[in-house]
Each structure stands twice: as structure tokens, then as C-alpha cells.
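The block underneath contains the structure these notes are about, expressed in C-alpha cells.
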Amino acid sequence: MTMIGTEELKSLFARIAEAMASEKDRLCELDGVIGDADHGIAMELGFAAAAKAVLELDPMAADPTLVFNTAAKSFLNAVGASSGPLYATALMRAGAVSKGKASLSDDDMVEIFSAFAKGIQDRGKAEVGEKTMVDAWAPAAVACRAARDQGLPLAECLAVGLKAGAAGAEATKDMIAAKGRSSRLGDRALGHMDPGAASAVLVISCFRDHFK
Ligand SMILES: [Mg+2]
């Protein structure tokens, strides 16, 4: 078992920021179908701000909680769209799970992954099947946890989580939105993946890539 420290977390944020920058246009296009075409911009801005802020933390003074809390604050300040408070809550929950720990174990990371998903679900008050990012996050967290309960290593748990999250995002194509701006479009959004679910899969794939 490897312990995960603040430097690994900082580079995780850098990885997510890079992924959002390179997928920004695709996310905006998806959002354009059902909303105001800004989701890619919001996610890029948010994670770029988070990555920059955590990079500037003093490595000698920062612990995992400070990294997550700093990322949360920066994300929220950078993003006016609804994804701002959702990811800020997820990051604050990750900070709470990390509290008092100088570094994180594989079990802690599975816990953080679950807390992330739960934070998004609690803040957005969305259920699975409502065509939101919860459709990717919730099954990903459940699958990741189940894999851990079976004794699989972190890398495999995250790979299983990614697979479930990607399937959940794919399933949003067949859903009619119950929440948010896209709910007013009714079945016009049918056939299109929810942009929040698409970006969630990106975040999850960064977790998987980072810890494999
Ligand atoms: Mg939007």
C-alpha cells in the first residue's frame, strides 16, 4: 500500500485541469444542446483555479485537508455556474474525510471518492435517472466501494468505478432531465449525454489514471 501525500494530490488537480482544458469544447458542445454551452468553460476555469491554488501551497505546511479545502474555495470562486457549488461541496467533503491525516491510504481514497459523489448528490439534491452528473458519480462510487469491499487494490477499484460512471453517463442519453435548465426542453434533450455526467467521467478517469 502506498500512502498518498499532498504532492500526489496537487498533481491530481493538475491532471484534472489538463483534461478539462483539452475537453472543454466537447463539454461546451454537449451543454449547447441542452443549455447555455458554458459547461466546458466552467469546468476548465474551476479546475485550473483549483490546480493553481493548491500548487502554491507550502509543501511543508499543507496537509491533504488543506489541499482539498483550498481547491474547494478556488473552484467556487472561479465558477458562477451550478457546477461551482457542486464540486466545491465534493471537495470540502474530501477535505473532511482527510482531516487529521498527514497522508492518505488506499482506503482513505475510496472513502474520498464516495464522499465526493455524496457531496455532489447532497448539494444538487438529484437522484439517479434525472440526467445530471449524479448519473455518473453515484454508480461510480457504489462500484468503487463494492470493489474495495471485495479486497481489490485502489487502482482496480477506480477502474471499476470509471466503468460504472461511464455507463451511467451513457445512460443519460436516454433520459429526460428533471432538474436544471435542460428540464424545460423535455424530450428535445433525448439522445444527448448530459454535460455534467460527461465531465464527471473525465474527473473519474483522472482519478483512475493518477492512481494506477
Ligand atoms: Mg451551462
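Throughout, numbering of the chain's residues begins at 1 and tracks the sequence. Just so you know, ligand 1 is whichever comes first in the structure, and atom 1 is the first atom listed for that ligand.
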Please list, chain by chain and in numerical order, all residues satisfying side chain to side chain contact (heavy atoms under 4.5 Å, CB included) with Met92, sequence neighbours excluded. Asn69, Ala72
If you look at Asp31, which of its N/O/S atoms is nearest to the Mg ion (ligand 1)? OD2
Please find the N/O/S atom of Asp36 nearest to the Mg ion (ligand 1) and write down its name. OD1
Could you pull out all donor-acceptor pairs under 3.5 Å where a side-chain atom in residues 199-212 meets a protein atom, sequence neighbours excluded?
unit_1, atom_1, unit_2, atom_2, d
Ser199, OG, His39, NE2, 2.7
Ser199, OG, Pro195, O, 3.4
Ser199, OG, Gly196, O, 3.1
Ser205, OG, Val201, O, 3.4
Ser205, OG, Leu202, O, 2.8
His210, ND1, Arg15, NE, 3.0
His210, NE2, Glu8, O, 2.8
His210, NE2, Ser11, OG, 3.3
His210, NE2, Leu12, N, 3.3

Between Phe13 and Phe68, what is the ring plane arrangement, given parallel below 30°, perpendicular above 60°, and tilted in between? perpendicular
Restricting to N, O or S, what is the name of the atom of Asp38 that lies nearest the Mg ion (ligand 1)? OD1
At what distance, to the nearest 0.5 angstrom, does CE of Met175 lie from CE of Met193? 10.5 Å
